[in-house]
Every structure is written in structure tokens, then in C-alpha cells.
Number of protein chains: 2
Amino acid sequence: MRQNPARRTALLDAAIDVLAREGSRGLTLRAIDKEAGVPTGTASNYFANRDELLTQVMRRTRERLTPDPEALAETMKQAPSHELAAELMRQLLTRMRNDRAGNLAMLELRLEATRRADLHTELSGFLAEENRQVVDYHLTAGLPGDRTGVALLYFAMFGLIVDDLTVPAILEPYSTDDLIEQMVNRLLP
Amino acid sequence: MRQNPARRTALLDAAIDVLAREGSRGLTLRAIDKEAGVPTGTASNYFANRDELLTQVMRRTRERLTPDPEALAETMKQAPSHELAAELMRQLLTRMRNDRAGNLAMLELRLEATRRADLHTELSGFLAEENRQVVDYHLTAGLPGDRTGVALLYFAMFGLIVDDLTVPAILEPYSTDDLIEQMVNRLLP
DNA sequence: ACCGTAGTACTGCAGTTGCAGTAGTGTCAA
DNA sequence: TTGACACTACTGCAACTGCAGTACTACGGT
């Protein structure tokens with residue numbers, strides 16, 4: 001098992017691109033080699049099997065989708081308000097749109113997790129924890145809304161993001177900025 | 001190309017099961033034969049290629065997830081109210097839970113559609129139309145809320161459903177009935 | 001009633017692809 | 001010089017597709 005972390009990350013990023021572009025069906029060790037531009041067989045040296053690969057892809061995807069702490073701190077300089085909450089949601093949507101591959105990969109992993117116990121355990125732990133943290137953060141930052149409202153806000157955002165990524169035609173009749181503003185105002189009393 | 005409609009439907013239902021259980025990766029014509037318990041090669045006679053198969057799987061999945069008109073009519077006997085809207089949402093969630101395979105297949109198809117232009121066109125048309133219809137239905141039935149509110153309600157429900165299907169651990173801290181009641185009350189003024 | 005034909009369903013095979021895994025060699029840096 | 005990584009090449013295997021050939025069924029003509 002090779003250790004070179006830079007190369008490993010490069011392989012994982014390549015895997016995310018393959019996953020987004022060709023789906024779980026196209027994700028093979030060989031395809032990763034090709035995408036990363038490394039010799040055939042290299043990915044085999046870094047991942048013992050598909051399970052291990054997927055677990056590591058998940059961790060890498062999580063890293064990529066985590067907001068930049070500095071940018072977040074910058075935004076949070078404003079006084080907490082509905083406007084700030086809406087701004088955070090707009091940034092969330094933008095972040096997701098800017099890493100389309102990462103997001104599609106995460107969706108693929110969710111589906112894959114319904115079939116692989118290990119991945120499911122890891123993904124459940126991670127996403128449940130993240131949800132908890134994000135709600136706590138919102139509340140302790142003094143942003144408006146109660147626990148249920150914040151949870152609903154994130155479910156609505158998630159639905160919107162999935163549609164935006166996969167079938168944006170559904171969103172065409174609406175303005176996403178307007179949707180976000182309305183959902184913040186209505187869900188966070 | 002064979003025509004026997006009953007057999008075709010049986011093959012498509014088998015395809016949906018395979019898709020849900022093993023993902024796009026495991027969906028082959030042979031796997032469908034096996035799942036449907038028909039002789040090897042049969043599915044090849046019904047679907048010229050993978051594209052055609054996926055398109056037809058999509059149509060069949062749509063059929064399966066459409067609410068039963070009678071049951072809907074029965075529910076709609078009540079006077080329109082927030083309570084009725086909540087009841088409709090609870091039924092939606094139940095319906096989705098009762099056809100887990102159909103739902104997972106639809107998610108797979110959404111992802112597949114990001115890679116196949118034909119499928120994307122068809123899926124976009126269908127889902128956009130469905131969204132429009134569902135919002136119109138809600139409004140003309142006299143249920144509370146404006147167009148934006150109803151749209152938000154469906155995004156939130158969609159997010160909740162996807163989480164429920166793939167990573168239910170996220171929902172564990174919450175009561176789905178409570179979430180539904182709150183989202184109806186808050187999003188539909 | 002019989003036969004021929006067309007349409008449909010089934011079976012098995014052959015060829016192809018493409019993957020995983022691993023062994024072996026080359027290279028570079030400590 | 002030694003150890004870790006990079007690269008190359010090979011083997012064996014599994015699965016898929018597409019084809020070709022066969023069996024069954026229905027139907028229409030005589």
C-alpha cells in the first residue's frame with residue numbers, strides 16, 4: 001500500500017471527477033489511473049479494493065464541500081439577521097454549484113451507501129454529525145429560528161440543490177434568490 | 001423488437017429492482033433476465049440498447065410513483081386546510097417509503113440523466129411538468145399558500161425524502177410528522 | 001381439418017472487452 | 001546502499017453483448 005499523500009489525493013480527486021462524469025458504473029481503478037494521468041495499475045496500489053476506495057472518496061468529497069473557515073468568518077462579521085441567514089444559504093448554493101463534481105459524487109455515494117454497510121455507517125455518522133453541527137452553529141450564532149426551523153431550512157436547501165444539480169428545469173420558473181429569501185423568512189420565525 | 005406489454009412491464013419492474021438493489025453498475029440486460037426469471041437474452045429482445053432501456057425504466061418508474069387517483073380523491077373530500085395539506089405530505093412520504101425501489105431508481109435515473117442527453121430531456125420535461133401540475137393542483141384545490149410557498153414545500157419534502165431513503169440517520173433526531181406539520185404551517189401562509 | 005407461414009420466444013455460443021491483481025524492473029533520495 | 005515509490009507488463013478471470021439457430025404459437029388459406 002503506497003503512502004504518498006499528494007498522489008493519493010490526486011487519485012481521489014480524479015475518482016470524484018470520474019464518478020461525477022460517468023457514475024458509479026464507470027468508476028474503476030483503471031478509469032482513475034487514466035483520469036489522473038498515471039500509469040495503469042497505480043490506483044490498485046493505493047486502494048486495496050472498491051470498498052476502501054469509496055470510503056476514501058467519501059472523506060475527500062467531504063473535505064472539498066466543507067466551507068472555507070476564513071470566508072465563513074468574513075461573512076459572519078455581519079450582525080445576525082434574516083438577511084445574513086439568506087446570505088449564508090446563497091453562499092451554500094454557490095459553493096455547491098462551484099463543485100458540481102463533488103456534489104454529484106456525494107449523491108452517487110449516498111446511493112452506493114444503500115448497498116454497502118461500511119459506507120453507510122460512515123456516511124450516516126458523518127452527515128448526521130454535520131447536520132447537528134450546522135444547526136447548533138446557526139443557533140449559537142444568534143441567527144433567527146428554532147431547531148426545527150433550521151432543520152427544515154436545510155432540508156429545503158438540500159432538495160433545491162439536488163434539483164439544481166440534476167434537473168434544473170424544475171427550478172426554471174422560479175428565482176433561486178427569491179426562493180432562498182422566502183424560505184429563510186418563512187421557516188425561521 | 002418484441003411487443004408483449006405485460007412481459008415488457010415485468011422486465012421494467014425487474015429493472016427497477018435491480019437498479020435499486022445494485023445500482024446503475026449492476027443494471028445489465030442479463031441481470032434483468034435473471035431478476036425477472038425469464039430466459040437469458042429476453043431483455044435483449046425488448047430493449048435495443050441501454051439508452052432505450054433507461055428511458056423506458058424512467059417512464060415505468062413515473063407510473064409507479066404517481067398517486068392513485070381514487071385514494072387522492074378520497075383524501076380531498078376534506079375541506080382544504082393546513083391539516084389537509086399536512087395529510088397530503090404525510091401520504092406523499094408514505095407512498096415514497098412504500099416504493100423504495102422505485103424511488104431509488106428515480107434517483108439513479110436523475111444521476112444518469114446528467115450524462116445522457118436524451119434521458120435528461122425526457123426527465124426534465126416530465127419533472128418540470130409534474131412540478132407545475134402539482135403546484136397548480138394545490139392552488140386550485142383551495143389549499144393554503146401561494147405559488148412560492150407550495151414550491152418550497154415540495155423542495156423541502158424532496159430533501160426530506162432523499163435523506164429518508166439514503167441516510168435516515170440524519171432524520172433520527174426529528175419526528176417526521178412534526179417536521180411535516182411545521183413545514184406546512186410555516187411555508188404556507 | 002390440415003398445412004404453411006409469419007411472428008414471437010427461447011437457448012446456447014463465440015467473441016470481445018475490460019477488470020483486478022501481482023510480479024518485476026526502474027528511479028530517486030536519504 | 002538501501003528502501004520506498006513509480007512504472008510496466010502480464011495473467012487469469014468474469015461478464016457482457018450480439019448473433020445464430022431452434023422451438024413454439026397463432027392465424028389464414030385451402
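Numbers restart at 1 for each chain; the letters A, B, ... are given by sequence-line order, proteins then strands.
Atom CE of residue A:M89 and atom CG of residue A:L160 lie 11.5 Å apart, to the nearest 0.5 angstrom.
With distances taken from any side-chain atom of A:N45 to the nucleotides D:dC7, C:dC10, C:dA20, the minimum falls on D:dC7.
Looking only at distances, no side-chain donor or acceptor of A:R60 sits under 3.5 Å from a matching main-chain atom of A:G102.
For A:R95 and A:D68, the salt-bridge test fails: no basic side-chain N is under 4.0 Å from an acidic carboxylate O. Ion pair B:R186/A:D146 flagged as a salt bridge, since at least one NZ, NE, NH1 or NH2 atom sits closer than 4.0 Å to an Asp/Glu carboxylate oxygen. A salt bridge between A:R90 and A:E83 is present, with a side-chain N of the basic residue lying under 4.0 Å from a carboxylate O of the acidic one.
Atom CD of A:E22 is separated from atom C1' of C:dC19 by 15 Å (rounded to the nearest Å). Atom pair A:Q3:CD and D:dG3:P shows a separation of 17 Å (rounding to whole Å applied). Note: CG (B:L27) to C1' (D:dA15) measures 14 Å, nearest angstrom. Across the protein-nucleic acid pair, B:R50 atom CZ and C:dT17 atom P stand 19 Å apart, rounded to whole Å.
Residue A:T40 is in base contact, counting any heavy-atom pair closer than 4.0 Å across all strands shown. Residue A:F47 is classed as having no contact, given no heavy-atom separation below 4.0 Å to the nucleic acid. Residue contacts shown for B:S44 are absent, as no nucleic acid heavy atom lies under 4.0 Å away. A:A43 comes within 4.0 angstrom of no nucleic acid atom, judged by non-hydrogen atoms across all strands.
Contact check, B:Y46 against C:dT8: no side-chain N or O comes under 4.0 Å of OP1 or OP2. The side chain of B:R7 places an N or O atom within less than 4.0 Å of a non-bridging phosphate oxygen (OP1 or OP2) of C:dC10.
Side-chain contact, B:N131 with A:Y174: a donor N or O sits under 3.5 Å from an acceptor N or O.
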Using a cut-off of under 3.5 Å, enumerate the N/O to N/O pairs linking the protein to nucleotides 28-30 of chain C.
none

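Against DNA chain D, the stretch residues 29-39 of chain A makes heavy-atom approaches under 4.0 Å through A:P39.
Minimum interatomic distance between A:H138 and A:P144 (heavy atoms only, all atoms of both residues): NE2-O, 2.8 Å. Considering all non-hydrogen atoms of both residues, B:E108 and B:G23 come closest at OE2-CA, 3.5 Å.
In this structure, A:R2 forms no cation-pi arrangement with A:F47, as its terminal cationic atom is not both closer than 6.0 Å to the ring centre and no more than 45° off the ring axis.
Between the side chain of A:R2 and the base of D:dA6, a donor-acceptor pair under 3.5 Å is found.
Nearer to the 5' terminus of DNA chain D, by closest-nucleotide assignment, is the contact made by A:G41 (compared with the other of A:G41 and A:R25).
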